[in-house]
Colleague: 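Got a structure for you, written out below as structure tokens; questions coming shortly.
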Amino acid sequence: MLDKVYDPKGIDTKWQRIWEERGVFTASRDSGDSPYSIILPPPNVTGQLTVGHALGTTVQDLLCRWKRLKGCNVLWLPGTDHAGIATQTVVEKSLLEHGIGREELGREKFIEECWRWKETYHDRIVRQLGRLGASLDWTREVFTLDPGVSRAVRRVFVHLYEKGLIYRDRYIVNWCPACRTAISDEEVEFRDHLGKLYYIVYPFADGGGEVVVGTTRPETMLGDVAVAISPENPEAADLEGRMLVLPLTDRSIPIILDDVVDPEFGTGFLKVTPAHDATDFEIGRRHGLAPFIVIGRDGTMNEAAGRFAGLTVADARAGVLAALEEEGLLRNVEDYHHAIGHHDRCDTIVEPAVSRQWFLRMDSLAAPGIEVVERGDVTFYPGRWKNIYLSWMENIRDWCISRQLWWGHRIPVWYCTECDETIAAVDEPERCTTCGSAVLTQDEDVLDTWFSSWLWTFSPMGWPEKSRDFKIFHPTSVLVTGGDIIFFWVARMIMAALEFTGEIPFSDVYITGIVRDAKGRKMSKSLGNSPDPIDIIDTYGADAFRFTLMKLSPPGQDLLFDESKVEMGKHFANKIWNAARFVMEQPYDDRDLFGGSPNDDPLNAACAALFGRAPSAGAAFGWEDRWIAGELVRALGEFERAIDAYRIDEALGIAYDFFWHAYCDWYLELSKPVLRENGARGRGAALTARFTLALSMMMLHPIMPFITEEIWSLVAPGAEILAASRIPGLPAGLVDPSLAEQVGQFQEIVTNIRNLRQTFRLPPAQGVRVIIRCEPGAAMQERLERFRRQIVHLARVDELEIAENVPKPAGSASAGLTGLEIYVPLKGIIDIDVERQRLRRDLEKLSAETEKIENRFGDGRFLQRAPDDVIARERSRLEEMADRRDRIARILEEME
RNA sequence: GGGAGCUUAACUCAGUGGUUAGAGUGCUACCUUCACACGGUAGAAGUCACAGGUUCAAAUCCUGUAGCUCCCACCA
């Protein structure tokens with residue numbers, strides 16, 4: 001039996017253990033079921049999971065569990081990422097706290113430390129995923145530095161090298177002075193900054209006058225090699241080639257012409273510093289001007305900076321400005337808004353620097369990646385991400401793939417010390433391929449972390465071997481991730497899969513929203529505003545957390561998360577628990593409910609299909625039973641449609657509304673008196689209550705796996721556990737639209753009577769007499785007779801009179817529905833004037849609405865142009881409202 | 001500079017041409033009725049940012065304006 005109070009903690013851990021023991025999430029290598037696969041975006045081993053991870057993970061788990069219920073062979077592949085820069089940084093920091101520097105420790109020992117760190121956080125992440133209920137196939141877990149995937153990385157490198165797409169170049173790259181490594185363009189985060197624009201005088205070398213350049217970085221003038229002007233400058237012909245004295249130095253630099261200069265900007269004179277500015281570097285290349293480096297790798301000025309050597313960039317700037325001022329060469333300073341690049345991992349200002357790095361040529365890889373998305377082979381949800389992806393791919397730039405780190409995949413390139421040959425190889429070569437020398441040294445750098453991640457749909461499946469897993473599960477079904485890594489990862493995975501497997505990596509890309517705090521700030525470690533999902537799960541339960549995350553995050557919409565919102569999920573879980581308790585505590589046992597022989601009744605057949613046992617011959621179903629079963633089947637259909645469209649929030653709304661508002665509010669309330677009778681109808685109701693509960697658990701299981709599994713084990717004892725079950729095929733004919741409509745009318749009658757009771761403040765205990773006058777004709781009367789008992793019960797009516805022509809009692813509260821008039825005689829209790837006013841208000845509302853529609857009809861164009869079904873609907877609506885209006889008017893008349 | 005998204009009840013958000021615009025929370029009144037007060041019943045609450053336009057019909061489509069958020073860009 002279920003405990004009186006719902007306590008998720010024990011239930012969660014119990015089922016987590018059972019699932020694991022039973023191995024229900026291990027994908028099959030020899031099943032004929034249609035495959036469904038998702039790769040978990042591998043979390044970084046630097047830390048713990050955030051609420052954002054919980055969101056993405058829950059989406060994936062929900063899809064996987066749903067597909068299992070639908071009979072698919074599901075593979076959800078877990079893995080973790082070594083996260084080069086991030087991990088190296090945290091390990092370095094923690095070593096420094098013990099006074100140990102990376103250099104003194106040495107490369108090998110340092111990497112050992114990183115592995116230790118990885119183990120600790122890996123285990124923590126696995127625990128977190130488990131608590132969340134993630135149905136991952138741990139038998140296939142991978143880490144980005146595992147031997148298999150490492151080998152795949154080297155193969156890919158060598159393949160691209162041999163194809164001529166990977167090259168080494170001395171080029172200007174984004175350099176992080178704090179991490180002491182190059183980073184890619186994507187890792188630079190631009191932020192607006194209020195700085196200054198400094199105007200500096202450069203005198204002509206021949207003494208005749210001067211030019212003025214504008215710059216935001218005066219300290220870089222020490223590395224200037226030219227001043228550029230636009231060829232459109234009217235004086236271009238005269239100025240080109242003239243020499244300028246570079247202030248504070250003993251160098252002279254020429255004036256050159258370059259198209260990149262905007263003649264309208266500043267003075268029209270651009271100082272050219274190829275060593276410290278990307279644009280300037282390109283200008284330098286075009287004009288054969290070598291970079292003059294004045295800032296070192298650590299972000300301080302070097303020897304070439306002369307008297308400023310050793311200063312930080314900031315100090316050098318102050319020094320240069322003071323010196324210029326002294327010499328009268330600082331013409332002007334103005335405020336200036338511009339964007340400054342920061343390293344996204346450590347927030348340090350990025351210093352463009354010239355260094356020797358490995359690059360991957362991207363354009364030929366991008367072309368097929370553009371094609372598959374344009375053709376619709378890969379679809380983004382929501383669709384607007386398609387354009388973001390395409391515009392990036394169409395303007396793609398070469399990828400700087402080398403990092404000056406120790407933690408990562410070492411670049412598989414060796415240099416011959418004898419003949420300088422460069423050898424790229426999957427396995428370490430013993431001898432130089434050219435001169436045969438055995439003295440080879442491997443490149444010191446490692447690869448960008450994303451160079452292993454971009455192979456993630458296939459490298460964990462044993463590629464390049466054509467493994468069973470690869471054959472069955474590649475391409476994967478859907479990728480679920482945040483929009484922030486669409487360039488880092490999604491786009492690159494598409495390119496890699498096409499290049500190396502000839503297949504798309506996934507057909508759908510579901511982009512989740514970003515989780516922010518209640519104030520709209522992005523959750524981040526530095527702000528300390530991201531709660532640990534484990535704490536939330538401890539307080540509210542995993543199911544409540546999952547439900548809330550899914551319900552509150554429509555696709556692509558950011559989620560302002562606040563722990564108190566999880567109350568919603570907790571309330572729902574509690575509701576489910578108590579409803580289940582009610583159903584399971586009814587005094588009927590299996591012998592009462594099962595053991596008959598199967599028959600053609602759809603509800604009977606549905607119960608047999610779900611429970612594997614035919615209902616007892618002594619159980620009889622009522623209209624409530626057929627109605628709720630039909631509602632559930634309808635809800636299931638809508639639920640599935642919503643999931644297939646990745647409208648998870650909508651799917652949850654459907655399940656929630658069904659369970660709470662149809663099943664609990666109406667069905668269980670309707671069943672109570674029937675259940676108490678303990679006869680054939682009672683058995684039918686008990687059976688239906690169980691059937692609907694059990695099938696609801698199937699629908700809710702992907703969202704709330706723990707509580708549904710617990711309830712399932714009681715409502716379907718002996719059956720397969722839910723996580724390993726399939727939704728049975730259900731007989732046609734369970735949905736009866738005519739019955740649904742009649743029940744809708746019934747609900748309206750009950751609500752109206754309740755409304756009358758409340759309006760006149762009748763205490764709940766006080767019974768009332770209700771008279772329903774209905775339009776002539778047997779159908780309506782019969783229908784009301786059929787509902788009589790339930791109306792009496794739910795509206796707390798003592799005596800219900802139903803007839804075509806019952807007299808309206810004096811002093812009564814009334815409501816006019818379509819085809820019906822409801823009277824509650826309240827002589828002496830109600831204030832007739834209050835009642836009259838209430839009815840007049842109703843009447844006014846109706847009249848206003850009727851008028852609106854009549855105007856529509858009055859305008860001939862509506863009849864001409866609107867589609868027939870709309871006209872028909874409006875017409876019947878008009879009739880219905882006219883009917884109601886007449887009825888209320890008549891009631892009012894009778895009051896006089 | 002280019003682009004995208006958002007603006008709907010007190011709050012957080014659904015709703016993309018066709019009934020009287022919905023939910024959760026909060027609020028009001030009544031109810032501890034033998035599943036649930038993490039509950040029930042009934043209710044109040046919205047010029048759908050603003051201004052034009054298209055249409056028989058606009059929260060929904062178009063144009064513009066304002067505010068907020070984000071992305072991209074060789075803003076010296």
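The chains referred to below are lettered A, B, ... by the order of the sequence lines, with proteins before strands, and numbering in each begins at 1. Atoms considered below: every heavy atom in the structure, side chains included; atoms not considered: hydrogens, waters and symmetry mates.
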Colleague: Among B:A73, B:A76, B:G18, which is the nearest nucleotide to the side chain of A:R397?
Modeller: B:A73
Colleague: Which base sits across from B:G22 as a Watson-Crick or G-U pair, both distances under 3.5 Å?
Modeller: B:C13
Colleague: Please determine, for the side chain of A:D262, which listed nucleotide (B:A4, B:A76, B:U41) has the closest atom?
Modeller: B:A76
Colleague: For B:A42 and A:T751 - does any side-chain N or O of the residue sit under 4.0 Å from the phosphate oxygens OP1/OP2?
Modeller: yes
Colleague: With the side chain of A:F265 defined as its heavy atoms from C-beta on, choose the nearest nucleotide among B:A14, B:A35, B:A76.
Modeller: B:A76
Colleague: Side chain of A:V870 only, heavy atoms from C-beta on: which candidate in B:U41, B:G18, B:C74 is closest?
Modeller: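 Of all the options, the side chain of A:V870 is nearest to B:G18.
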Colleague: Ignoring backbone atoms, test whether A:N755 places a side-chain nitrogen or oxygen under 4.0 Å from the OP1 or OP2 oxygen of B:U41.
Modeller: no
Colleague: Do A:R885 and A:D883 sit within salt-bridge range, that is, some charged N less than 4.0 Å from a carboxylate O?
Modeller: no
Colleague: B:A76, B:A4, B:A14: which one has an atom nearest the side-chain heavy atoms of A:D649?
Modeller: B:A14
Colleague: Determine which nucleotide pairs with B:G67, using a 3.5 Å limit on both distances of a Watson-Crick or G-U wobble pair.
Modeller: B:C6
Colleague: When you get a sec, tell me which of B:U69, B:G5, B:A73 is the closest nucleotide to the side chain of A:R516?
Modeller: B:U69
Colleague: Could you go through the side-chain contact (heavy atoms from CB on, under 4.5 Å) check for A:V354 and A:H276 one step at a time?
Modeller: CA-CA 7 Å; A:V354 176; A:H276 303 294; over 6 Å; no
Colleague: Is A:K672 close enough to B:U33 that one of its side-chain N or O atoms is under 4.0 Å from OP1 or OP2 there?
Modeller: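 Result: no.
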Colleague: Identify the nucleotide, in any strand shown, that forms a Watson-Crick or G-U wobble pair with B:U55, with both distances under 3.5 Å; if there is none, say none.
Modeller: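 Partner of B:U55: none found under 3.5 Å.
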Colleague: Taking the side chain as C-beta and beyond, is there a heavy-atom pair between A:I283 and A:D280 under 4.5 Å?
Modeller: yes
Colleague: Strictly by Watson-Crick or wobble contacts shorter than 3.5 Å, is anything paired with B:C30, and which nucleotide is it?
Modeller: B:G40
Colleague: Taking the side chain of A:H571 as its heavy atoms from C-beta onward, which of B:A29, B:C38, B:G18 lies nearest to it?
Modeller: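 Between B:A29, B:C38, B:G18, the one nearest the side chain of A:H571 would be B:C38.
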Colleague: B:G18, B:A76, B:U33: which one has an atom nearest the side-chain heavy atoms of A:R796?
Modeller: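 From the listed options, B:U33 comes nearest.
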Colleague: Mind checking who B:C48 pairs with, Watson-Crick or G-U wobble, both distances under 3.5 Å?
Modeller: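 Because no pair has both required distances under 3.5 Å, B:C48 counts as unpaired.
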Colleague: Would you please confirm or rule out a distance under 4.0 Å between OP1 or OP2 of B:A4 and any side-chain N or O of A:W392?
Modeller: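 Looking at the OP1 and OP2 atoms of B:A4, neither is under 4.0 Å from any side-chain N or O of A:W392.
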Colleague: Are any of the side-chain nitrogens in A:E351 or A:R217 under 4.0 Å away from the carboxylate oxygens of its partner?
Modeller: yes
Colleague: Hey, is the side chain of A:Q557 poking within less than 4.0 Å of OP1 or OP2 on B:A14, counting only N and O atoms?
Modeller: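 Yes, A:Q557 has a side-chain N/O under 4.0 Å of OP1/OP2 on B:A14.
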Colleague: Side chain of A:F862 only, please: which of B:G18, B:A42, B:A29 is the nearest?
Modeller: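 Ranking B:G18, B:A42, B:A29 by closest atom to the A:F862 side chain puts B:G18 first.
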Colleague: Please determine whether a side-chain nitrogen or oxygen atom of A:R754 lies at a distance below 4.0 Å from atom OP1 or OP2 of B:A42.
Modeller: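 Yes, A:R754 has a side-chain N/O under 4.0 Å of OP1/OP2 on B:A42.
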Colleague: If you check the A:H661 side chain, which of B:G24, B:U25, B:C74 turns out closest?
Modeller: B:G24
Colleague: A:R647 side chain N/O closer than 4.0 Å to the phosphate oxygens (OP1, OP2) of B:G15?
Modeller: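 Yes, because at least one side-chain N or O of A:R647 sits under 4.0 Å from OP1 or OP2 of B:G15.
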